[in-house]
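A quick write-up on the structure given underneath.
Because only heavy atoms are used, hydrogens play no part in the values below, and waters and symmetry mates are left out as well, while side chains stay in. In the text below, chain A, chain B and the rest are named by the order of the sequence lines, each starting its count at 1.
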Amino acid sequence: MPEQLTDKIVQLALRRGFFNPTAEIYRAPAGFYDLGPLGALVKSNLVSFWIDEFVRRETSYEVFLIDGSLILPYDVLKASGHVDKFSDPKASCKSCGRIYRVDQLIEEALGLKVEGKSLEELEQIVKTRGVRCPHCRGELSDFREHHLMFKLSVGGAEESAFLRPETAQNIFLNFKRITYGMRAKLPFGVAQVGKSFRNEIAPRQSVIRLREFSQMEIELFFAPNDERGPRGFEEVADTEIRILTREEQLHGGEEPIELKAGDAVAEGIVPNRFLAYYLAKEVRFFKLLGIPPENTRFRHLLPEETPHYSGGNFDLEVKFSFGWKEIVGNAYRRDYDLTVHSRGSGEDLSIDNNGVKMIPHVVEPSFGVERIIYAILEHSYREGERDWPLLKLPRIISPIKAAIFPLLDRENLTSKALDVYYALKRSRKAIPVYYDDRGSIGRRYARADEVGVNLCITIDYQTLQDDTVTVRDRDTAEQARVKISDLEDLIYNDMFRLEGV
RNA sequence: GCGGCCGUGGUCUAGCCUGGACUAGGACGUGGGCUUUCCGAGCCCAAUACCCGGGUUCAAAUCCCGGCGGCCGCACCA
């Protein structure tokens, strides 16, 4: 059985410090991962790049970046619907201890539809109809709700609260202040990057399904009757997007249709231009991250997969070695969130749009950070191009931008190399670099390639004569000789080199 | 959460079935030393492992039970 790509990526991640299970030395519960030194750099680079592309350099409307609390009071999540929707009724068998989902047990045993019934009602049904453990016929007891949210109690009064199950809620909670404080006019966006928490039953696949994970999200607020869409929509209207339609899925098909973002709206497949704008933007974003469009598709979620208020959800799925997997969720949530929070809080969250009072609609692209990191790793991993593995990370994402090597471990070369290294370290540009003089030069190139170091700088005997060094490019392995005085700018410019668009 | 398979240094693994000679072997990697004038060269030295707990036994990496973790399938996945 050949070794799978996922195994290789996970091994590399462990070995070289990209990520590893949390509290490994204690064998802690699954679903938590720490980013190591290189992983932390990759994440920080990815987040910065995303903020650049979706917030700072956004010219179609204003996007405000906020940073909200991870702990949210019970009432917020009750109003949003999470308290009710994010829990499953469970019970355990008195004699064998197995745990079951009560609703499924009843449906299987009695063929009854019990959706929407309360825990107490379900317990009644089990008791009166004599539903028993399917495994050992034991009596069922200990009926309780399994929350997919982590429950907390806050302060002396032990007020009930949860770790947020998505970043989005903070944005709705801050909506009124942002519209006032920033004098925001529709359309405008609010972005947030941060942790979310879901107490998954079975977290799996390393960093793909976590109980604690990071999201990069935008809530884009707009007037529902705004058919012009974002400023500059024309610029992205020709972008080809690949959509796995509902019809195709109903036939069990896997083939996406390909059409222009503008046409997708015109043909009524994508509900509005704001959503289509993001779909097009995402295609470009991931292309820059080394994930080609042909390895992506937008899956139009089926009606039963989306909440009743959804105006259409399109998951951006990427082709991994183990199959297609969602890495961005794009949801048209209409006015649901602001409406329920108006009702829940008693605060009027409508907005004055050119003299008309209204509750704006919202489109929400939500990016899963860890999944994207994993996708980038898989798509940049190369075997066979060299005698060792090579990680062709996008240059802007790679954790280390340059490595400094003396050609040989000789005093005159190492001291010169360290001079170059410290000069780069001290630079105001704060470029991540490292110094290595261990083993042969070839081995050092191999070590650098394996973690995607963009450039390798070698100090040789000629350096001692004329203050020039060789610069080796990771992707071509070609070398150029450059002046030491030009190095800082060269490395700095190189790390912003984008390929793909 | 259910079912199946699995858990040996940093990584991959040999050994487990058929308990004892296992002071647990190897490869790669790592640290140190020598060597080395541009793509994992070579030599020497060193450190590091039987997931945790209980049981059976004169004796457990090996057999049994439980926990934790991993993989796969089902379920779940705003």
Side-chain angles (χ1 to χ4, degrees), chain A residues 3-4 6-8 10-17 20-21 23-32 77 80-86 88 90-93 96-105 108 133-135 146 148-149 164-169 196 198-206 208-211 213 215 217 301 305-307 309-310 313 315 322 325-326 329 331 333 336-337 364 366 368 386-390 405-410 413 438-450 456-464 469-472 474 477-479 481:
Chain A
E3 212 181 353
Q4 298 298 304
T6 48
D7 297 330
K8 290 178 184 168
V10 168
Q11 282 166 29
L12 179 65
L14 287 171
R15 211 154 32 78
R16 298 302 303 272
N20 53 270
E24 261 180 304
I25 58 173
Y26 282 96
R27 281 157 237 94
F32 300 95
L77 295 156
S80 69
H82 287 91
V83 169
D84 299 321
K85 215 167 36 182
F86 260 58
D88 297 321
K90 288 199 306 191
S92 41
C93 169
C96 74
R98 282 181 172 74
I99 297 168
Y100 297 98
R101 275 192 53 180
V102 181
D103 53 343
Q104 286 183 348
L105 218 50
E108 279 163 29
C133 171
H135 191 258
H146 174 81
L148 256 49
M149 295 191 290
R164 65 182 181 191
E166 58 178 18
T167 52
Q169 296 307 319
S196 292
R198 288 177 204 175
N199 199 1
E200 299 279 356
I201 295 165
R204 229 176 253 181
Q205 287 176 304
S206 75
I208 296 296
R209 226 171 125 190
L210 296 169
R211 288 182 165 135
F213 58 101
Q215 292 183 295
E217 276 192 337
L301 298 194
E305 294 179 292
T306 56
Y309 53 80
S310 170
N313 285 46
D315 280 358
F322 49 81
K325 192 87 193 169
E326 169 203 359
R333 300 171 69 114
Y336 174 78
D337 302 278
E364 172 195 273
S366 173
R386 305 266 153 88
D387 292 335
W388 49 81
L390 170 65
F405 305 146
L407 180 60
L408 296 172
D409 186 10
R410 296 266 166 80
L413 292 176
R438 309 308 307 171
S440 68
I441 189 78
R443 176 184 295 242
R444 285 178 254 154
Y445 285 143
R447 276 199 291 254
D449 280 349
E450 194 183 35
C456 291
I457 316 296
T458 301
I459 280 72
D460 58 14
Y461 286 102
Q462 192 182 327
T463 312
L464 303 178
V469 296
T470 62
V471 175
R472 169 191 180 270
R474 179 196 68 200
E478 280 167 14
Q479 286 180 314
R481 191 158 271 283

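- Position along RNA chain B of the nearest nucleotide to A:Arg15 versus A:Arg333 favours A:Arg15 as the more 5'-ward residue.
- Across all strands, A:Gln479 comes closer than 4.0 Å to base atoms (heavy-atom distances).
- A:Ile201 has its CD1 atom 8 Å from the C1' atom of B:A75, to the nearest Å.
- Nucleic acid contact for A:Thr470: base, since at least one base atom lies under 4.0 Å from a heavy atom of the residue.
- For A:Ile99 and B:C76, the CD1 to P distance is 18 Å, given to the nearest whole Å.
- Residue A:Asp449 is out of contact with every strand shown, counting any heavy-atom pair closer than 4.0 Å.
- If you check every strand for non-hydrogen atoms under 4.0 Å, A:Gln104 touches sugar and phosphate atoms only.
- When both pairing distances are held under 3.5 Å, B:A14 makes no Watson-Crick or G-U pair with any nucleotide shown.
- The residue A:Arg386 sits apart from the nucleic acid: no heavy atom pair falls under 4.0 Å.
- When heavy atoms are screened at a 4.0 angstrom cut-off, A:Ala30 is found touching the sugar-phosphate backbone but no base atom.
- Close to B:U36, at under 4.0 Å from its OP1 or OP2, lies a side-chain N or O of A:Arg410.
- Base pairing of B:A75: no nucleotide in any strand meets the Watson-Crick or G-U wobble criterion (both distances under 3.5 Å).
- Distance A:Asp88 CG to B:C77 C1': 10 Å, rounded to the nearest Å.
- Taking every side-chain heavy atom of A:Trp388 into account, B:G40 is the closest of B:C77, B:G40, B:U37.
- Comparing B:C77, B:C38, B:A75 by their nearest atom to the side chain of A:Glu200 picks out B:C77.
- A pairwise comparison of heavy atoms in A:Val471 and A:Ile457 identifies CG2-CD1, 3.8 Å as the closest pair.
- Pairing for B:U30 goes to B:A46, judged as Watson-Crick or G-U wobble with the two contacts each under 3.5 Å.
- When atom types are taken as modelled, the side chain of A:Gln215 and the backbone of A:Gly368 share no donor-acceptor pair closer than 3.5 angstrom.
- Between A:Arg438 and B:G33 there is a side-chain N or O to OP1 or OP2 distance below 4.0 Å.
- Between the CG atom of A:Leu12 and the C1' atom of B:G29 there is a distance of 13 Å, rounded to whole Å.
- Distances from the side chain of A:Gln205 to the nucleotides B:C72, B:C39, B:C38 place B:C72 closest.
- For B:C5, the paired base is B:G70 (Watson-Crick or G-U wobble, both distances below 3.5 Å).
- Ranking B:A75, B:C72, B:G29 by closeness to the A:Arg443 side chain, first place goes to B:G29.
- One C1' atom belongs to B:U8, the other to B:A24, and the distance between them is 8 Å to the nearest Å.
- Counting any heavy atom pair closer than 4.0 Å across all strands shown, A:Pro29 reaches sugar-phosphate atoms only and no base atom.
- Rounded to the nearest Å, the gap between the P atom of B:C51 and that of B:U13 is 14 Å.
- Across all strands, A:Gln215 comes closer than 4.0 Å to base atoms (heavy-atom distances).
- A:Arg211 places a side-chain N or O within 3.5 Å of a backbone atom of A:Glu200 that can act as its donor or acceptor partner.
- As judged by a 4.0 angstrom heavy-atom cut-off over every strand, A:Pro389 is placed among the base-contacting residues.
- Note on A:Asp449 versus A:Arg444: no salt bridge recorded, every NZ/NE/NH1/NH2 to OD/OE distance being 4.0 Å or above.
- The same atom, C1', is picked in B:C63 and in B:G3; the two are 24 Å apart, to the nearest Å.
- The pair A:Lys325-A:Asp315 does not meet the salt-bridge criterion, since no charged nitrogen lies less than 4.0 angstrom from a carboxylate oxygen.
- Residue A:Gln11 contributes atom CD, which lies 11 Å from atom C1' of B:C28 at whole-angstrom precision.
- Nearer to the 5' terminus of RNA chain B, by closest-nucleotide assignment, is the contact made by A:Gly31 (compared with the other of A:Thr306 and A:Gly31).
- A:Leu407 places its CG atom 6 Å from the P atom of B:C38, with the value rounded to the nearest Å.
- Going from atom CZ of A:Arg204 over to atom C1' of B:C6 covers 13 Å, rounded to whole Å.
- Take A:Asp387 and apply the salt bridge (charged side-chain N to carboxylate O under 4.0 Å, His left out) test, not counting sequence neighbours, and it matches no residue.
- At B:C38, none of the side-chain N or O atoms of A:Thr458 fall inside 4.0 Å of OP1 or OP2 (strictly under the cut-off).
- A straight line from CG of A:Leu148 to P of B:G1 spans 13 Å, rounded to a whole angstrom.
- When the side-chain nitrogen and oxygen atoms of A:Arg16 are compared with OP1 and OP2 of B:G29, none of them lie within a distance under 4.0 Å.
- Base pairing analysis places B:C38 opposite nothing; no Watson-Crick or G-U wobble pair with both distances below 3.5 Å involves it.
- Rounded to whole Å, the separation between the C1' atoms of B:A21 and B:G25 comes to 14 Å.
- Checked by distance alone, A:Tyr26 brings no side-chain donor or acceptor within 3.5 Å of a matching partner on the base of B:C68.
- For the C1' atom pair drawn from B:A61 and B:C17, the interatomic distance equals 14 Å after rounding to whole Å.
- A side-chain donor-acceptor contact under 3.5 Å links A:Asp460 to the backbone of A:Thr463.
- Checking B:C63 for Watson-Crick or G-U wobble geometry (two distances, each under 3.5 Å) identifies B:G55 as its partner.
- Between the side chains of A:Ser440 and A:Tyr445, no donor-acceptor pair is found at a separation under 3.5 Å.
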